[in-house]
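One structure is given below, encoded as structure tokens.
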Amino acid sequence: MKNFLKVTLFSLLLISLFSLYSNYGIPEIQPAPPPTEEKLDLGSMTMEQFIAVGEKIVSGKGTCTLCHNELGRAPLLEELVTATPQRLQDSRYQGEASDLESYILESMLDPSSYVVVGFGKAGSNDTESPMPNVTGGGIDLSEAEISAVIAYLQDLGGADVTVEIPTGTATEDSTEIVASKAQALGSAEEIVASYGCGACHRIAGQSGAIGPDLSSIGETRDSDYLRRAILDPNAEVAEGYPPNLMPATYGSQFYAQELELLVAYMKASVGGAGGQTESTVDTAPQAAGASDGESLMTQHGCGACHKFGTQVGAIGPDLGDIGASRDADFLRRSIVDPNADISDGYMPNLMPPIYAAQLSTEELELIVKYLTGLK
Amino acid sequence: MHTPLTDKTKAPSATRSRYLSITGGVLLLLILSLWLLPVALPHVDSGVAFAAASGNADSAMDEASIKARLQPVVTLSSDGQSLLEKPSLALAQVDSDTGAQAPVYPPAPRLTESDYPQIKGVNGRVAVWLVAQLHLWFAAFVLAVPIFVFIIEAIGMRTRDRRYDGMAYEFIKISITAYSLTAILGGLLVFFLLIFYPHLFLYLTTIFKKTMFYYALLFFVESAALYIYYYGWHWLQGGFRKWVHLTLGLVLNAAGTTLMFMGNTWVTFMMSPAGVDLAGVFNGNEWEAVHNFLWTPINIHRIVANIAYGGSIVGAYAAFKFLSSTRSEQRAHYDWVGYNANFIAISALLPLPFAGYYLTAEIYAYSQQMGITLMGGIFAWLFIIQAVLIGTLFLSANYYLWCGMGRSDGAYRYNGYIKYLAVVIIGAFLVWFTPHTLVLTNEELKSLGGPYHKYLGPLGIMPAKNTAVNIMILFTTVSFLIYRRANKIATVSWAKAGNAAQFALFTAGIVNILFLGIYHGYFTNTVYKVAASIPQVLTTLTIIIASTAIDSFMYKGSKQVAPLHWGRVSDRAQYALFVLAVAFTWLMGLMGYIRSGIRQHWHVTNVFRDASPDAYTPTLGYAANVVSAGTILFMAMVIFVFWLTEINTRKTDAPGYWKDTPG
């Protein structure tokens, strides 16, 4: 028993020594708490305030100063402005930027476009940057936050700030930009295309398959229900669909006029024909008989996510001048296998891989031909 | 008188054949069970399972019905973001055109505080932390012991020295009691995860369902192997039976190591996820999720660390038994056992820093941010604590060796060197323990001219520390070589040349290590500073292997100058073994915190955010206090295990108690 007590006391003393040293022998570093959302009114912000937000992001959420500091792990941000012209001219430069703003943006989205000598990943001969894409994973900067960072870095180097403050509301920790509109849209089809309803629902000539089919919704639901379903999607979730799937933000996005137009359109949607006689609603998009790529893309709901022609989708890449940077093979591949090549800044598994089964070969080629002509 | 053969005594060749066939059959069954279970077991389809449960196949197979039954009890709230951020429990998506079913995995859920169940008065995070760490400690012990028991048994078979067999049996006896505690803690861990982090557990089981399924089944194999190995120890003695027994030990180790590798996949996936996209959607390839970036480094590090740790725990056991011994033979036995345990611990301790370095290098390669946060950011000071612990370990292990020199009267020849070894090892420890950046007040900063000490600051960078640890390892090797020589004189003709070669080897190695550290540390760019580490490691390993080889050849057939008197060692030396066990345990707790805490506020790094009320990274002192509490709990449980082993040998006569015994 004596030995047991001696050994126990000795062990407790040793553990106490380790604990005491950890509490009092070294600095009590207090790590930063997890990021919380802070709503900012960008609309009323001055550029100086916007730059200050950028600075806060650089030393906070962006974790830029973890590497970009005096310890020599990454290039100094203070030198960015003066170094950019030279870097753009460097034969090792792989990117497509043409000025300071686009170079800073590219550095954040595709850091390996240019790797400063001595700062590449070990073994990569300075061709691969250890810096991650700031829109992904742990950093997860939104467009507004990236703009703020660009503004800050331009200002830091003494250059003119060329970015514009995003209008409308945004949150510092948000991953979504809510764009403000100048005036209400005038038709249900425009509303459906603009807000991307067709990405999930079969409505107004678009054939989303994730949410309920709305092509005949007027037969079974009244206007009150439809209005409530838009403003508060979880109030009554259709059977067979999980809750929390449809965004609950439309209440703050629609103008009242737009909401009523849409409700009226859906109430008039009976027999799968849609709410208005002008719109061509096809349950089988292949039977549309469209003769050009743009019409085909409109019929298949591409405008829900992409911008092209008169379509104003903003979820996926802007296709307005896609022909200038991508060839036919790439475009064809992007349609039949969307995850084969994901554009920088966009997430995989967002575009449905259904078009290979929906489009005939002729229709596919018409669309590719149309897109390659967009320059 | 010649005893005729009867049915019960078969001819030796027939006996061997019988055992061969039985052993072969058992082994074949075990191996087949490990490899064929994935094929043999029916693929459990949730639709089929629910159909069976409901008794109505048609309605059970209805997808909507399945979805309704699988709706989460707690609604996962979200901020109305993009579709991919919404949880979906669709197990399969049916293509409307073809009717084909493709598995659809949900993205990682975006949780809020309300999604983490709370129990009043219980801190869920600390509960899971403590139970996980206790489980790890015990698991490390019960996995390590069979490794060196297997080796010790093999040595006993080779040398036909019964003492090794007895020691191996004693070690496995301790381990078997700890085995059930390991399992209890593992079950408790699962319960706590289900209670406090149900969505995380659901997410992990969605991805690792197969691995977890076979992990659970593999315990049958490990348990069977362990119990037969232990209970059959005295039965499977001699000749071919001993080989059967040794093979069982191999099966036990294979099962245990496989179990550890499987468990490692889940924790490394949380650190460096693979097989999932940025939204956490699993691509269906479980091997890709298993074989993530940090899996192999953790596997290597844990195998080596477990051996070192297991050695230290059995060393503590032997030390306590030594102090409690009442007879000289007992004292001698446990002194010898303690020495062997220390030898096991040091042998594994020597390469351990390299395994740890490899792990850290891979963390850097996976994510520079994670690596810098670990070594240069908020976790950097934890490595100063680690330096103190490892310095303690090395000093303690060396001190035990130096005390042990007193077992032989021939050791006086080498006593003079010990003070130099002590100075070098303490000096290296101090270098390792020196921080780079000092935390100072503004006045102190002004007077010092910056956050770095003018002279000591340069010792805080990694090249200096790599140099220091390599020197510590080398000089510990010298301590060990001196200890081995204490009671011997080499009789080979080339002994002088051999000594000269070893001296040259060590000198050249030390010069090389110092040169590499100084050049890369102070004459190159920051990004190349750690480039010295690999050549330094290779230098150290070369010296260890070469010098040990030279020594063993040089002392073949050596003359014993004075015998080793087992038992003739101070009680202080036994306390050095306790220091080893306590420091190892505390260090493992600290490293376990670092490994888990480096994810900061992520359940799965960059994929599944931790939104619990305890998602914050605690202060270093708080973490150290939790580690200390865990260490005390673990020590109490280990003492309980040792006590059980002790009472197992006690017998009490109870005269008159039993009806067949006189009063």
Side-chain angles (χ1 to χ4, degrees), chain A residues 3-4 6-8 10-12 14-16 18-19 21-35 37 63 66-67 71-73 118-119 121-122 130-132 136-140 174-176 199-200 209-210 239-240 242-249 315 347-350 357, chain B residues 64 67 71 75-78 80-84 86-90 96-98 277-279 281 320 323-324 365 367-369 372-373 376-378 381 384-385 388-389 439 525-527 575 578-579 582-583 586 600-602 605-607 610 615-617 619-621 624-625 628 631-632 635:
Chain A
N3 282 321
F4 174 73
K6 274 163 66 173
V7 170
T8 305
F10 176 76
S11 303
L12 286 172
L14 194 59
I15 293 168
S16 306
F18 294 145
S19 200
Y21 177 71
S22 305
N23 278 278
Y24 301 108
I26 58 166
E28 280 305 281
I29 309 287
Q30 200 143 59
E37 195 176 275
T63 65
L66 188 65
C67 303
L71 294 174
R73 295 190 186 102
F119 293 104
K121 270 190 181 176
M131 175 176 161
I139 304 178
D140 199 22
S174 164
T175 58
E176 186 179 339
C200 300
I210 298 171
E239 202 177 352
N244 301 310
L245 202 61
M246 176 171 162
T249 54
I315 299 172
M347 294 161 71
N349 300 311
L350 198 60
Chain B
K67 278 188 198 171
Q71 289 300 316
T75 303
L76 300 175
S77 62
S78 66
Q81 300 280 323
S82 78
L83 296 169
L84 278 181
K86 294 300 173 289
S88 164
L89 288 179
S96 54
D97 295 327
T98 65
D277 63 15
L278 282 173
V281 178
F320 187 75
L323 292 173
S324 313
S367 164
Q368 171 125 323
Q369 278 194 298
I372 290 173
T373 305
I378 53 171
W381 279 96
I384 296 294
I385 308 176
V388 170
L389 267 295
V439 177
N525 271 338
T526 301
V527 288
Y575 280 89
F578 291 128
V579 170
V582 172
W586 207 96
Q600 294 190 270
H601 42 266
W602 295 93
T605 305
N606 292 344
V607 164
D610 183 351
Y616 63 92
T617 305
T619 60
L620 307 188
N625 293 342
S628 295
T631 304
I632 292 170
M635 290 283 142

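On a predicted model such as this, the values are computed, not experimentally measured, just so you know.
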Q. At what distance, to the nearest 0.5 angstrom, does OG1 of A:Thr8 lie from CD1 of B:Ile632?
A.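 Answer rounded to 0.5 Å: 11.0 Å.
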
Q: Using the test side-chain hydrogen bond (donor to acceptor under 3.5 Å, both in side chains), find all partners of B:Gln369 that sit at least two apart in sequence or belong to another chain.
A: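 side-chain hydrogen bond (donor to acceptor under 3.5 Å, both in side chains) check on B:Gln369 returns A:Thr63.
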
Q. For B:Asn625, which residues count as a side-chain hydrogen bond (donor to acceptor under 3.5 Å, both in side chains) partner, sequence neighbours excluded?
A.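 Only A:Ser19, A:Asn23 meet the side-chain hydrogen bond (donor to acceptor under 3.5 Å, both in side chains) criterion with B:Asn625.
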
Q) Given a strict heavy-atom distance threshold of 4.5 Å, which part of B:Ala365 is in contact with chain A: side chain, backbone, both, or neither? A)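 Backbone of B:Ala365 only, per the 4.5 Å heavy-atom cut-off to chain A.
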
Q. Shortest non-hydrogen contact from A:Asn3 to B:Leu323?
A.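 Minimum heavy-atom contact is ND2-O, 2.8 Å.
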
Q | Heavy-atom closest pair, residues B:Val388 and A:Tyr21 | A |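 In terms of heavy atoms, the two residues are closest at CG2-CE2, 3.7 Å.
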
Q: Mind ranking A:Ser11, A:Cys67, A:Ser22 by heavy-atom pairs under 4.5 Å with chain B and telling me who comes out on top?
A: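 The candidate making the most pairs under 4.5 Å is A:Ser22.
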
(Q) Is the distance from the ring center of A:Phe10 to that of B:Phe578 below 6.0 Å? (A)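 Not under 6.0 Å, so no.
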
(Q) Quick check on A:Phe4 against chain B: is it the side chain, the backbone, both or neither that has a heavy atom closer than 4.5 Å? (A)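 Its backbone and side chain both get close to chain B.
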
Q. Heavy-atom distance under 4.5 Å to chain B: side chain of A:Pro132, backbone, both or neither?
A.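 For A:Pro132, the contact with chain B is made by the side chain alone.
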
